[in-house]
Amino acid sequence: MTPELSVEQFTVAARAFLDENAEPRSEEKFVWGEGTDRVGLLDEKEPEQEAAEVAAAKQWKAAEFDAGFGWITGPEEFGGRALPKEYERAYSEAKSGYRIPSQQPFVIGLGMVAPTILAHAVPAVKERYLRAMYRGDVVGCQLFSEPVAGSDLAGIQTKAVRDGDEWILTGQKVWTSGAQYSDIGEIITRSDPDQPKHKGLTMFVVDMKAPGVDVRPLRQMTGGASFNEVFFEEVRVPESHRLGDVNEGWTVALTTLMNERAAIGGGGSGSGFGAQNMTRFVEMARYLGLADDPVVRQRLADAFVRANVARYTNLRAMAKIRAGQLPGPEMSIAKLALTQNMQRLAQTVSEMLGPRLAADTGEWGTFANVEFVLGIPGVRVAGGTDEIMRNIVGERVLGLPKEPRPA
Ligand SMILES: Cc1cc2nc3c(=O)[nH]c(=O)nc-3n(C[C@H](O)[C@H](O)[C@H](O)COP(=O)(O)OP(=O)(O)OC[C@H]3O[C@@H](n4cnc5c(N)ncnc54)[C@H](O)[C@@H]3O)c2cc1C
């Protein structure tokens, strides 16, 4: 069925909304010594700044949703406009020309949690959360990893015990990004310890403000605290908030993991990171008097080439998704390329800066790179470690024999 509104008419309306609510983005030229010198990889802020940014993000999201651009492809009964994907692309393209508040607080909730709720929740739960999530009123987080289970996610131990119309959750999650400002979480639990580990798992939507939920920030070596440990002490969850069938949580978790890889691969791989920061690092070489050093020149040229190769691989994978195919193993290549390129670049930056990276003298653009260099190990681990990505590429792309796995 062809929608009554053409893409052209839709884009005119989108531009009118954007003109009224946002400033056009001017061509930003990087000038050494001007503006902020922060080059962080993780979303780290002081609590007051974070609260202000979350408030600004929510205000924008509400205005966008109320104007009809918050969930362009979503089903109408849950607040979407049920328009084809090309309308969403047209809006993203129009929006990229405007300066809007960072939408970082919604990345996990809308990128992973909402699609899982849409695919696996009962209608009343979809009704309760989806509209509110896409309007920015409800923020979601992902409660998967535990101290004993990360790469081997099926090893989780948080317990879920049925009690009439409710479930009682007890256990600990860790590395939960954004839990400190989230309203709900998507949690994977062990509901039957007697079944094999990929069976006996059940997923829920849990209220992060419920009695018994305790969110404690974890400080990273970069200095920031963007993720948390979350403790669950006999937290009661209504049976209606179960996602998918009892003991079938693994299938539900896979919906989230597919979307996670697509979000990470799609968001990084050289596009924003490569182009913008390469200029910064080239200017750094000039500032430090190293622009004629043959080794530095070669390393920077190499980083530039690799960032662009990663970008094209990524664009190919994204085109496949846009054409309606599932995110495939390309996403693992994209993620691996991103982290390997960052790692190499960090090595070059560290060598260029030398002692300037060890002590903060207030010199612009030097010590600030510590946040970049020390943030990389986290990015190499988040959303599937380098080794796990290599396993996927080896087994699923190259068709190598599978690594031995205990039963
Ligand atoms: C910045 C950041 C944000 C995160 N946000 C979230 C979040 O919001 N929600 C959430 O649930 N989790 C989150 N995580 C956790 C993340 O998903 C896990 O850290 C990740 O899955 C790895 O698990 P682990 O830390 O337990 O390491 P482990 O799985 O214990 O791995 C330890 C080491 O062993 C290697 N290894 C493990 N298995 C194999 C294998 N089969 N073959 C070869 N090598 C192997 C790994 O590569 C790694 O080097 C986040 C992590 C980071 C760093």
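This is a predicted model, so every value here is computed, not measured. Index from 1, following the sequence. Both ligands and their constituent atoms are indexed starting at 1 by order of listing. Note that these values count all heavy atoms, side chains included, but never hydrogens, waters or copies made by symmetry.
The closest side-chain heavy-atom distance from Arg297 to Asp292 is below 4.5 Å. For the pair Arg299 and Arg344, the minimum side-chain heavy-atom distance is 4.5 Å or more.
Under 4.0 Å from ligand 1, not a single heavy atom of Leu153 appears.
Of the polar atoms of Phe144, at least one N or O is found under 3.5 Å from an N or O of ligand 1, judged by distance alone. Checking only distances, Thr176 never comes within under 3.5 Å of ligand 1, N or O to N or O. At least one N/O-N/O distance between Ser151 and ligand 1 falls below 3.5 Å.
Under the 4.0 Å distance rule, the nearest protein heavy atom to atom 2 (C) of ligand 1 falls inside the cut-off. The nearest protein heavy atom to atom 30 (O) of ligand 1 is not closer than 4.0 Å. Distance check on atom 33 (C) of ligand 1: every protein heavy atom falls at or beyond the 4.0 Å cut-off. Taking a distance limit of 4.0 Å, we find that atom 36 (N) of ligand 1 is approached by no protein heavy atom.
Relative to atom 47 (O) of ligand 1, the option among Glu387, Lys173, Gln220 with the closest non-hydrogen atom is Glu387. Within the set Val381, Ile188, Thr385, the minimum heavy-atom distance to atom 19 (O) of ligand 1 is found for Val381. Distances from atom 9 (N) of ligand 1 to the heavy atoms of Glu403, Gln142, Glu186 show the closest one on Gln142. Of all the listed residues (Cys141, Gly150, Gly383), Gly150 holds the heavy atom that lies closest to atom 23 (O) of ligand 1.
Regarding atom 5 (N) of ligand 1, its nearest protein heavy-atom neighbour is Ser177 OG, 2.7 Å. The protein heavy atom nearest to atom 14 (N) of ligand 1 is Trp175 CB, 3.4 Å. Residue, atom and distance of the protein heavy atom nearest to atom 39 (C) of ligand 1 are Ile388 CD1, 3.7 Å.
Classification of the Trp364-Trp32 ring pair by plane angle, with boundaries at 30° and 60°, yields perpendicular. Between Phe69 and Phe10, the ring planes are perpendicular. Angles over 60° get that label, and only those under 30° would be called parallel.
Against a heavy-atom cut-off of under 4.0 Å, Asn391 is close to the following atoms of ligand 1: 40 (C), 41 (N), 42 (N). The ligand atoms of ligand 1 that sit less than 4.0 angstrom from a heavy atom of Gly378 are 53 (C).
Within a 6.0 Å radius of NZ in Lys95, other residues, nucleotides and ligands contribute more than 12 heavy atoms.
Here the rule is side-chain contact (heavy atoms from CB on, under 4.5 Å) with Phe232, and of Thr170, Asp214, Val237, Ile187 only Ile187 fits it.
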